Asks: 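So that we are looking at the same thing, I have put the structure below in structure tokens.
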Amino acid sequence: MGARPSHVPEIGTRFSTLIVQPATLCNLDCEYCYLPDRGRQLLMPVKVAQRLATSIAQQNSRFPVEVVWHGGEPLTTPLAHMRSLLAPFEQLRQDGQVAHAIQTNATLINQDWLDLIREHEVRVGVSIDGPPELNGIRADRRGRPSFARTMAGIRMLRDAGIEFAVICVVTVDGIGRAEELLAFFAELGCRSVGFNIEELEGLNAHRQQVTPDQARHFWRRLWQLSPQYPHLLIRDLERLRGYLDQTRAGRWTGHALYDPIPTVATTGQTVLLSPELLGVDAPAYEDFVIGNVLTDSLPDLLTGPAPCYVAEFREGLRRCATECEFWDFCGGAQAGNRFFELGRFDTTETNHCRTAYQAVVLAALDLTQGGTQ
Ligand code: SF4
């Protein structure tokens, strides 16, 4: 995949992505969901949003910080309250220091939400797993399928001319159905689709996992079929194309910094590296919380003493950089997968990195080098 890097990235003390939980409740109850508190509603106080906006101003980035409103389902937040949470960021947004994004199941989209999305130029990501039969596990608390409601929300976005991206979780049921998935998303009208191979994390600890061979076959079909759908960007293939373009142009300079990706709960409690660590208790790491933005700013929390899981993850990155031939493309994947699969952060390979990173590369090599699988 490329020459060994000359250095191991530091965990950054500045952030370009901030994940924020406006509400804990989700109106759906997907079988693979990792969130422990999705059955009860806690709303983020406006004071927390004010502290986050102040933190971004203090950081004074050259590029906009992407503030991702995640959940729970963020659209369970009462609309007036959501407007109050966005208000502290508005001047920063207008000054180009903040860009908002939202990840939603789209079932609660209505005209008022469309107005808010437009006013604040919110980038929309919709979660949908393909045609109805692959969405059966995305059901509500009464076990009713969510597909029709999600499609109604998507139609509203399309009719309003609002672009959206899609995240599709690929389970063992979907991994052999690349053709159908691609045809479905090409028809859906999304700008791009990211295929998240189902991961073992949080409360989702017992479902059958996709194997690396199944994933390799899946990615190979996507490489073969994607030219038929030139208007649909496939995030995972674009990631490899982007890396290859940079190396061929001699612009690849290695992984300098790993984004700490702070995730802030409704209460202001903050974890680093992976949103899936929020709300998780583990004896060796306690609750992963590095502090609360109500008492310390994010820049102060990030420049303070690194918690042991961050130091451990840096050691994991060092091992990846020296041991793994996929390092240059992968950059270490996500910390949470190491913890949930292997119980530690200073480890290297996981099923996640084999299926979501290595298999994408191996599938491309199968086709370019006449691989046999
Ligand atoms: S996370 Fe996995 S694929 Fe990525 S560099 Fe580490 S071992 Fe390699």
Side-chain angles (χ1 to χ4, degrees), residues 1-12 17 34 169-170 175 194-202 204 209-220 222-223 234-247 252-261 263 271-277 285 288 306 308-369 371 373:
M1 279 298 294
R4 280 280 171 272
S6 57
H7 59 270
V8 181
E10 295 295 336
I11 311 296
T17 301
Y34 62 85
V169 174
V170 185
I175 197 70
F195 290 106
N196 286 1
I197 308 287
E198 185 178 353
E199 300 164 32
L200 200 69
E201 55 194 6
N204 183 24
Q209 296 298 293
V210 168
T211 67
D213 280 347
Q214 289 173 317
R216 185 169 173 171
H217 179 77
F218 176 78
W219 296 121
R220 194 161 58 236
L222 291 192
W223 282 118
I234 302 173
R235 177 201 62 189
D236 317 271
L237 308 192
E238 290 304 313
R239 189 155 53 198
L240 181 54
R241 281 202 187 97
Y243 162 74
L244 293 174
D245 286 349
Q246 283 197 315
T247 51
W252 176 249
T253 54
H255 302 287
L257 281 175
Y258 194 98
D259 196 311
I261 320 172
T263 297
V271 302
L272 298 182
L273 302 180
S274 289
E276 296 84 1
L277 298 176
Y285 306 101
F288 299 101
C308 70
Y309 70 96
V310 173
E312 251 190 33
F313 182 57
R314 173 119 203 305
E315 171 59 14
L317 293 180
R318 188 197 65 74
R319 289 187 56 199
C320 280
T322 51
E323 295 171 16
C324 180
E325 62 180 326
F326 298 92
W327 163 259
D328 274 1
F329 165 59
C330 168
Q334 278 76 46
N337 300 99
R338 299 181 198 222
F339 170 72
F340 290 115
E341 286 192 35
L342 305 168
R344 300 183 57 86
F345 294 87
D346 53 3
T347 53
T348 55
E349 276 190 289
T350 59
N351 195 58
H352 168 69
C353 77
R354 290 190 199 103
T355 54
Y357 289 84
Q358 297 182 11
V360 176
V361 177
L362 294 171
L365 289 173
D366 287 342
L367 296 171
T368 54
Q369 299 177 350
Q373 287 219 9

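One-based numbering, in listed order, for ligands and for the atoms of each. No experiment lies behind these values; they were computed from the predicted model shown.
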Asks: Looking only at the side chains, is there a donor atom on one of E341 and H352 sitting less than 3.5 Å from an acceptor on the other?
Replies: no
Asks: To the nearest 0.5 Å, how far apart are OG1 in T211 and CG in N351?
Replies: 7.5 Å
Asks: In Å, rounded to the nearest 0.5 Å, how long is the span from CD of Q358 to CG of L365?
Replies: 11.5 Å
Asks: Using heavy atoms and a 4.0 Å limit, tell me yes or no: is R338 in contact with ligand 1?
Replies: yes
Asks: As an exercise, state the distance from CD of E198 to OG1 of T355, rounded to the nearest 0.5 Å.
Replies: 10.5 Å
Asks: Tell me whether D236 is salt-bridged to R239, with the criterion being a basic N under 4.0 Å from an acidic carboxylate O.
Replies: yes
Asks: Centres of the F329 and F326 rings: under 6.0 Å?
Replies: no
Asks: Under 2.8 Å from atom 4 (Fe) of ligand 1, which protein N, O or S atoms are there? Could you list them by chain and number?
Replies: C330 SG
